[in-house]
2 protein chains.
Amino acid sequence: MNSIQTDETEAFLAEVCWHYYVNELTQSDVARVMGVTRLRVNRALQEARAAGLVRVEIASPFVARLELQAELCRKLGVSEAICAPADPETHDYHGPVGAALAHWLEKGFREGAWKAVGLSWGLTLKTAIQRLPRMTVEGLEVVSMIGGTSQGGSFNAFGVASAMADKLGANYSLFSAPIYLSPGTDRATFLAEGAFQAHLARLQTLDLAVLVAGDVTERSFLVSMGLPTGVTPQDLLAAGAVGDVLGHFLDASGAEIAHPINGSAIGLDLEGLMRVPQRVLAAAGQHKVDVIIAACRRGLVQTLITDDVTARLMLEKLR
Amino acid sequence: MNSIQTDETEAFLAEVCWHYYVNELTQSDVARVMGVTRLRVNRALQEARAAGLVRVEIASPFVARLELQAELCRKLGVSEAICAPADPETHDYHGPVGAALAHWLEKGFREGAWKAVGLSWGLTLKTAIQRLPRMTVEGLEVVSMIGGTSQGGSFNAFGVASAMADKLGANYSLFSAPIYLSPGTDRATFLAEGAFQAHLARLQTLDLAVLVAGDVTERSFLVSMGLPTGVTPQDLLAAGAVGDVLGHFLDASGAEIAHPINGSAIGLDLEGLMRVPQRVLAAAGQHKVDVIIAACRRGLVQTLITDDVTARLMLEKLR
DNA sequence: GTGTAATTTTTGCAAATGTAATTTTTGATT
DNA sequence: AATCAAAAATTACATTTGCAAAAATTACAC
């Protein structure tokens, strides 16, 4: 073996570290003061660090969040995770998460990262777009990735896409269609319509998909207002669903559940979504923990934006 | 003013520090990951350090002693201070301090730093010499700097000098004289004696003086056995004495007290001592706190060897 | 003493860091 | 819209650090 011999006494290590870190001498100076060679000082510092003799502490509340984010990246396999600070009182996640998404989007737009942005819809997304500053993004196109409900107001597909386009001085296009085909309608026939074809083509050119996630309770607008006639939340739960992304219901492992509803969703399917180069998911809340995990496991998510409370719940679940 | 504008948010600073210190990226990599320039990372790190955001902690019991030593250097104006670890039970300082002095001397001898070493005498010094390893120091001369008492055994001037010379294979020379002239004896006449003249000449060539300090109580052998007839500890205390170095009694400020005894000491006087290029004082114990401080204030001491208990007592006094 | 092995020190160099000068960009003002 | 001032990025360079190869020293066995 050729491992270099390094076994200085702790007193020596401590003194080297002390001169170097506390007194802020250079390694050369430490060597001179202590009457040894610079090499030994250099090695001593490495040994001390390896032995955990020196511990750097970063005294900032932000560090906890950074650690949380890194842990999320590791455990969920996403390449970026952002934890907005949740309001611990109300745990109204829409505010912080919306702001974080807005900030993230703003940065990207400013860098000119995207020309065609695909949107889903929901309260989280609406909040984010509200907080987006008014700015001009040259040649940007906002494209809705799924159909909308007939009700639902400003957080519906129409409201979300138009609000964003308005904020950014962009054009937008959306499906003039419900989320789900009614049972019996032939999907191919329906989509053969010229307007839909043009829109579907646009979806192939997206360079960013902004996703949200819904759970399978009445809290989800999709569930409470958008499900096709005859489909109940209980059906979906029975099929293993933990929530939806773009109207496609996933089980805990991230696979689409075996239920006809996934075949009748109007819009970009998950395979198509995977071809969009950049994908961000903004979602938070205790009830969404499972679907967020599922979406990440499915590999849909590159950037996850959530809040610290939800993040901790997810990590707890993944432990 | 031309102070560069650096006012990053704490979140930014924390993230930079986190990547740099926790993840151990280089500054360039941090810059790349965070999408900023290396310069900003570099500045951020400096700002964070300046703001106390990063705190390096050295987890070692030795650090406390290093800090103690640095504090002693600063407060006492000595260039080197060594605190041996005292036995907190017995607080027998002779062992640790003796060992520390022995170690310090051994290092110097090994480097061939000295050719002529001046000694005082006392228990501390005797202990140190006992712990000195047997070694050969080419051409070394051991010289006693003061006279001795007629009693006192192996810690007396004779015992100390001969023991050290024996350990180091050196020659030694000493005063065949008491510490103090009896009242009435003329100093000049007494020292005109040929043997003394030769010895005094040797004292001019010393390159190291090994000093100890005594207090003004019966615990000091000098006080209990060596004082000239008619001089009592009370006399000395009344004159402001806090202890002695080389038989010269000092007041709290380090000045020699106005008492005839300082004029009748046989040996190197303090002015002569100051001409010895290197001077080390080994002393510890609660009762010696004042005299050690005094000796340092007088500028007699370059290297102070004591124990941590005494060190803390001294710093407490100097606060 | 002599040779050999192990260790330490020296030396050299590439990478990383700290810093200042220059250029570019940005934002504000007119 | 043009101009200016301020801020930021780029560039360039000196210092410091990390690391490996070569040289010197030391330790040890014979």
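Throughout, a chain's letter reflects where its sequence line sits, starting with A, and its residues are numbered from 1.
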By the definition side-chain contact (heavy atoms from CB on, under 4.5 Å), identify the one residue from A:Val137, A:Val117, A:Thr136 that meets it with A:Leu168.
A:Val137

Is the shortest side-chain heavy-atom distance between A:Val280 and A:Leu208 below 4.5 Å?
yes

If I take atom CG in residue A:Asp29 and atom C1' in nucleotide D:dT16, what distance separates them, rounded to the nearest angstrom?
11 Å

Hey, what bend do you get for the helix from C:dG1-D:dC30 to C:dT30-D:dA1 if you fit axes on five pairs at each end, rounded to 10°?
10°

For DNA chain C, what residues of residues 20-27 of chain B have any heavy atom nearer than 4.0 Å?
B:Tyr20, B:Thr26, B:Gln27

Flag the pair A:Leu203 / A:Val143 as yes when at least one side-chain heavy-atom distance between them is below 4.5 Å, and no otherwise.
yes

Between the side chains of B:Glu141 and B:Arg202, is the shortest nitrogen-to-carboxylate-oxygen separation below 4.0 Å, so that they form an ion pair?
yes

Using a 3.5 Å distance criterion without hydrogens, assess whether the side chain of A:Lys75 forms a donor-acceptor pair with backbone atoms of A:Leu318.
no

Check: residues 17-25 of chain B side-chain donor-acceptor pairs under 3.5 Å, at least two apart:
residue : atom : partner : partner atom : Å
B:His19 : ND1  : B:Asn23 : ND2          : 3.3
B:Tyr21 : OH   : B:Arg49 : NH1          : 2.8

Partner set under side-chain contact (heavy atoms from CB on, under 4.5 Å) for B:Thr205, not counting sequence neighbours:
B:Ala116

Using the side-chain contact (heavy atoms from CB on, under 4.5 Å) criterion, which residues pair with B:Val16? Sequence neighbours excluded.
B:Phe12, B:Val30, B:Met34, B:Val41, B:Ala44, B:Leu45

Whole angstrom value for the distance that separates C1' of D:dG18 from CZ of A:Arg40
18 Å

Counting only heavy atoms not in A:Asp207 (residues, nucleotides, ligands), do more than 12 fall under 6.0 Å from its CG?
yes

What's the spacing between A:Leu119 CG and A:Ile129 CD1 if we round to 0.5 Å?
5.5 Å

Could you run down nucleotides 19-29 of chain C 5' to 3' and tag each one B, S or - for protein heavy-atom contact under 4.0 Å?
B----------

